[in-house]
Chemist: 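Before we start, here is the structure in question, set down as C-alpha cells.
A quick note: this is a predicted structure, and the numbers were derived from the prediction, not measured.
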Amino acid sequence: MAAKLSGSGGGKYQEEANADINVTPFVDVMLVLLIIFMVAAPLAAVTVKVDLPPAFAKASQNPPKPVYISIQSNGRMFIQDKPSDLATLGDDLRAHLGDKRNPTKERIFIRGDKDVLYGDFMGVMNMLQDNGFYSVALVGEDKRK
C-alpha cells in the first residue's frame with residue numbers, strides 16, 4: 001500500500017488520490033477462509049467404524065424402446081420403419097406394442113418433416129387420441145452450434 005503525502009505545488013496538508021488497488025483486506029479474508037476450511041475438513045471425515053449390512057435391491061427394468069411415428073412431407077406415415085396410414089394407425093400401433101404394453105401409459109414420439117401440412121399432422125394427433133394414446137411427444141432437431 002502506497003500513499004503520497006506531499007507533492008509538487010501542494011500544501012502541507014493536501015493529499016493526492018491513490019489509484020492503486022489495496023489487496024491487503026483481500027489477502028486477510030482469504031487467509032481466514034483457508035484456516036476455516038482447514039479446521040472444518042477433518043470434521044467431515046467419518047472415523048467411527050461400522051459394519052454395514054449388504055443392500056439388496058431389485059434389478060431395475062430397462063425402459064421400453066420408444067415408438068416413433070414419422071410423417072414425411074408428402075403425407076406418408078411410418079411406425080418405426082413400417083408404413084402405415086391414418087385409417088389403420090391405432091391398430092398398427094397396438095400390433096407394434098404387443099399385449100404387454102399399455103397404450104394409455106405409452107408415450108408416442110412424432111417426427112414430422114418441416115414441410116408437413118398442418119392438417120396431416122393434426123390428423124395423426126386426433127387419430128392417436130381417438131385410439132387411447134394420450135401421451136405424445138414431438139421430436140425436433142437440435143440446431144445449437
Chemist: Ignoring hydrogens, what is the shortest heavy-atom contact between F109 and P66? Give both atom names and the distance.
Modeler: CE1-CB, 3.5 Å
Chemist: Side-chain heavy atoms nearer than 4.5 Å, only ILVMFWY residues, links allowed to pass through others: does that put V39 and L31 together?
Modeler: no
Chemist: Tell me whether the count of non-hydrogen atoms from other residues, nucleotides or ligands lying under 6.0 Å of CG in D81 goes above 12.
Modeler: no
Chemist: Roughly how far, to the nearest 0.5 Å, is the CG atom of N126 from the CZ atom of F121?
Modeler: 10.0 Å
Chemist: In terms of hydrophobic clustering (I, L, V, M, F, W, Y; side-chain heavy atoms under 4.5 Å; direct or indirect links), are Y118 and M77 co-clustered?
Modeler: yes
Chemist: Is there a side-chain contact between I79 and L89 (heavy atoms, below 4.5 Å)?
Modeler: yes
Chemist: If hydrophobic clusters are built from ILVMFWY residues whose side chains come within less than 4.5 Å, do V27 and L33 share one?
Modeler: no
Chemist: Taking side chain as C-beta onward, heavy atoms only, is V67 less than 4.5 Å from L93?
Modeler: yes
Chemist: Would you indicate whether the side-chain heavy atoms of V136 and M125 approach each other to under 4.5 Å?
Modeler: yes
Chemist: Answer with yes or no whether the hydrophobic clustering places V29 together with F26; edges join I, L, V, M, F, W, Y residues whose side-chain heavy atoms lie under 4.5 Å apart.
Modeler: yes
Chemist: Spell out, as yes or no, whether a donor-acceptor pair under 3.5 Å connects the side chain of Q80 to the backbone of Y68.
Modeler: yes
Chemist: Hey, could you give me the OG/CG distance between S73 and D115, rounded to the nearest 0.5 Å?
Modeler: 6.0 Å
Chemist: Might you confirm whether atom CG of L138 has over 12 heavy atoms from other residues, nucleotides or ligands at distances under 6.0 Å?
Modeler: yes
Chemist: Closest heavy-atom contact between G75 and D120?
Modeler: CA-OD2, 4.0 Å
Chemist: Could you walk me through whether L97 and E106 pass the side-chain contact (heavy atoms from CB on, under 4.5 Å) test, one step at a time?
Modeler: CA-CA 9 Å; L97 291 174; E106 193 68 36; 3.9 Å; yes
Chemist: Mind listing the closest non-hydrogen atom pair of V116 and I71 along with its distance?
Modeler: CG2-O, 3.5 Å
Chemist: Could you check whether any side-chain heavy atom of L86 comes within less than 4.5 Å of a side-chain heavy atom of V124, counting everything from C-beta outward?
Modeler: yes
Chemist: Nearest 0.5 Å, please: how far is CG in N74 from CG in L117?
Modeler: 10.0 Å
Chemist: Taking atom CZ as the centre, does R111 end up with more than 12 heavy-atom neighbours from other residues, nucleotides or ligands that are less than 6.0 angstrom away?
Modeler: no
Chemist: Taking everything shown except M38 itself, do over 12 heavy atoms lie less than 6.0 Å from its CE?
Modeler: no
Chemist: Is there side-chain contact between M127 and F133, with at least one heavy-atom pair below 4.5 Å?
Modeler: no
